[in-house]
Student: 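Input: one structure, supplied below.
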Protein chains: 2
Amino acid sequence: MSDRLAIQTKCRKCPLRDMEIFRPLDEKELKVVSEFKTGELTVGAGATILLEENKTPHLYTILDGWAFRHKSLVDGRRQILNFAFPGDFLGLQLAVSSEMQHTVTALTQTTLCVFQRDEVWSVFKNNPKLAYSLTWMAAREEQLLDGQLLSIGRRTALEKLAYLILHLHDRAEAVGYAGNLAFDVPFKQEHLSDSLGITPVHTSRTVRKLLERNLITWVRDRIQILDREGLEQVALYESDHETRRPLI
Amino acid sequence: MSDRLAIQTKCRKCPLRDMEIFRPLDEKELKVVSEFKTGELTVGAGATILLEENKTPHLYTILDGWAFRHKSLVDGRRQILNFAFPGDFLGLQLAVSSEMQHTVTALTQTTLCVFQRDEVWSVFKNNPKLAYSLTWMAAREEQLLDGQLLSIGRRTALEKLAYLILHLHDRAEAVGYAGNLAFDVPFKQEHLSDSLGITPVHTSRTVRKLLERNLITWVRDRIQILDREGLEQVALYESDHETRRPLI
DNA sequence: CGGACTGTTGATCGGTATCAATGCTCGTGG
DNA sequence: CCACGAGCATTGATACCGATCAACAGTCCG
């Protein structure tokens, strides 16, 4: 399947803007974003969106779909750094370093708004509010990473897994990908392993524990949280009262 | 000992600006930074600079000293997220969330440039170049966290430790805190443990291994790298060709 | 000199990795 | 419609890394 490239969604009519969690843009911002956006790209599940060590001229916002950022050691051991949902901005690091230091891969078919790397600067010059939004998103990503780091460094396998499921559920829910404490799972257990820093075999056993304790069910690519409170206890979960966020 | 608060270092004469790694500011930027900076604060080793769940009105740049960011689970398990050196900006997350979600603690006596949180916005409005620098720093921090995450998730204890020592050395060296492959260590093994996500006991044994293999020495609060190449091999190290960076 | 910290060492335990076999699901082609 | 194979997930046996518990040593400092 070949990737399509076309401008399809007008920023002004972006479906994401109607969502609760996104801060509405004013007229001027909309105008700048519209100009900033140079195209739209749809890729299939499993496609590489951004590749480590590459110097692409493009930055992206996810319009629809589910992706993940990851990074590997030379011998192949892989670590998933974070997952990415609609509204998430990809490739900001290209504003810093000439090349990517991690890879981004699509989990589902994913539609992306495409921006030109060179024009980031003109956004800063022309619209401080949007520039601020970019910074906001970078800082937000940092917070998520802090949380992951704490989790991977200090939680046990069972705690990490419980935490990750809650985390993914909450982020999925925020963009309408989850409801009634359930969501469709676009990943394999292998992805959980690489996210938690444990083995696939151990992941399987750990998932099993959550099932046995009747905290969740996981059937046919769908996870249902049965006992949110119980799961939060296992996870040592602390909600991070997310506020409305910017969308570019 | 009480903290002192006074404007002592003129931005224009900031000693950090002479360092190789920092990008020089132009006249206009210097003017804005000077106005942005509202004071200078020196705290002793062990002092808390920013506290989780607090809503302080201040942001900081480290002028001199060595600090660390950390975060804990409710039961006390602690994870060190990153270390901070001169030129590093602290508290950017306050631009995003109303309160801090991690704590920053000084390892040595530390001198900080103090900025007002409310005025971040005016920096964005008045000087896009500086705004861009802030974003740059946020993205850079994200890269460091990505690296840590990979390390903690996928490296063995020995590999993590070797990696961390190289990482700290390189960052220390960049700001003149290391030379001839050696640097003064302001932390205890306990800090390494909390950074690597392992036990103090195991940290001790792991440090010992590096010593036995003649990769480093560690005497009287000073680490000397004896065999950089060997250490890099153990660490599966990949240097990240750092470029010049902004300083605010 | 005594006490508080920090680091070291040994013994043992437990969590997670590893290796290997089996089972399950689903798509494909005979 | 069934056979087959590919890719995941599960399960069991065993190994090992790192945790835990406990005692002791070294250093610093009052």
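Chain identifiers are assigned alphabetically (A, B, ...) following the order of the sequence lines, protein sequences preceding nucleic acid strands; residue numbering begins at 1 within each chain.
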Student: Listed by chain and number, what are the side-chain hydrogen bond (donor to acceptor under 3.5 Å, both in side chains) partners of B:R205, not counting sequence neighbours?
Tutor: none
Student: Please list, one pair per line, the donor and acceptor atoms closer than 3.5 Å that link side chains of residues 211-218 of chain B to other protein atoms, with sequence neighbours excluded.
Tutor:
none

Student: What is the distance from atom CG of A:L145 to atom CD of B:Q143, rounded to the nearest 0.5 Å?
Tutor: 11.5 Å
Student: Pair up each side-chain donor or acceptor in residues 149-178 of chain B with any protein partner under 3.5 Å, not counting sequence neighbours, and list the distances.
Tutor:
from, atom 1, to, atom 2, distance (Å)
B:S151, OG, B:R155, NE, 3.1
B:R154, NE, A:R78, O, 2.7
B:R154, NH2, A:S193, O, 3.2
B:R154, NH2, A:D194, OD1, 2.6
B:R154, NH2, A:I198, O, 3.4
B:R155, NH1, B:A235, O, 2.4
B:R155, NH1, B:L236, O, 3.0
B:T156, OG1, B:E159, N, 3.3
B:T156, OG1, B:E159, OE1, 3.4
B:E159, OE1, A:R77, NH1, 2.9
B:E159, OE1, A:R77, NH2, 3.4
B:E159, OE1, B:T156, N, 2.9
B:E159, OE2, A:R77, NH2, 3.2
B:K160, NZ, B:I152, O, 3.4
B:K160, NZ, B:L196, O, 3.1
B:D170, OD1, B:R228, NH1, 2.9
B:D170, OD1, B:R228, NH2, 3.4
B:D170, OD2, B:R228, NH2, 3.1
B:D170, OD2, B:Y237, OH, 2.4
B:R171, NH1, B:N82, OD1, 3.0
B:R171, NH1, B:F83, O, 3.0
B:R171, NH2, B:F83, O, 3.1
B:R171, NH2, B:D88, OD2, 2.8
B:Y177, OH, B:D64, OD1, 2.6
B:Y177, OH, B:G65, N, 2.8

Student: Aromatic rings B:F85 and B:W66: how do their planes relate, parallel, tilted or perpendicular, breaks at 30° and 60°?
Tutor: tilted
Student: Could I get a table of every N or O pair under 3.5 Å where one atom is in the protein and the other is in nucleotides 28-30 of chain D?
Tutor:
none

Student: Tell me, which of residues 198-218 of chain B have any heavy atom that sits under 4.0 Å from an atom in DNA chain C?
Tutor: B:V201, B:S204, B:R205, B:R208
Student: Salt bridge check: are B:R69 and B:E141 linked by an N-O gap of less than 4.0 Å?
Tutor: yes
Student: Need the bend value for the helix from C:dC1-D:dG30 to C:dG30-D:dC1: angle between end axes, 5 pairs each end, nearest 10°.
Tutor: 30°
Student: Establish, yes or no, whether a centroid distance under 6.0 Å links the rings of B:F68 and B:H191.
Tutor: yes
Student: State, yes or no, whether a side-chain contact exists between A:K71 and A:T103 at a heavy-atom distance under 4.5 Å.
Tutor: no
Student: Can you see whether B:Q93 engages A:D146 through a side-chain donor-acceptor pair at a distance of less than 3.5 angstrom?
Tutor: yes
Student: Quick one, which residues of residues 151-168 of chain A touch DNA chain C with a heavy atom under 4.0 Å?
Tutor: A:T156, A:A157
Student: Report the residues that fulfil side-chain hydrogen bond (donor to acceptor under 3.5 Å, both in side chains) with B:H70, sequence neighbours left out, ordered by chain and then residue number.
Tutor: B:T105
Student: Can you confirm whether A:N180 is buried at CG, in the sense that more than 12 heavy atoms of other residues, nucleotides or ligands lie under 6.0 Å from that atom?
Tutor: no
Student: Test of understanding: with side-chain hydrogen bond (donor to acceptor under 3.5 Å, both in side chains), list the residues that count as partners of B:R208, not counting sequence neighbours.
Tutor: none
Student: Scan residues 176-189 of chain B for pairs that pass salt bridge (Lys or Arg N to Asp or Glu O under 4.0 Å), counting only residues two or more places apart or in two chains.
Tutor: B:D184-B:R222
Student: With sequence neighbours excluded, what pairs up with A:F22 under the ring pair (Phe, Tyr, Trp, His ring centres under 6.0 Å) test?
Tutor: none
Student: In plain terms, say whether B:E142 and A:R140 are close enough for a salt bridge, that is, a side-chain N and a carboxylate O under 4.0 Å apart.
Tutor: no
Student: Find the distance A:R77:CZ to C:dT16:C1' and express it as a whole number of Å.
Tutor: 15 Å
Student: At a heavy-atom distance below 4.0 Å, what parts of residues 181-197 of chain B sit against DNA chain C?
Tutor: B:K188, B:Q189, B:E190
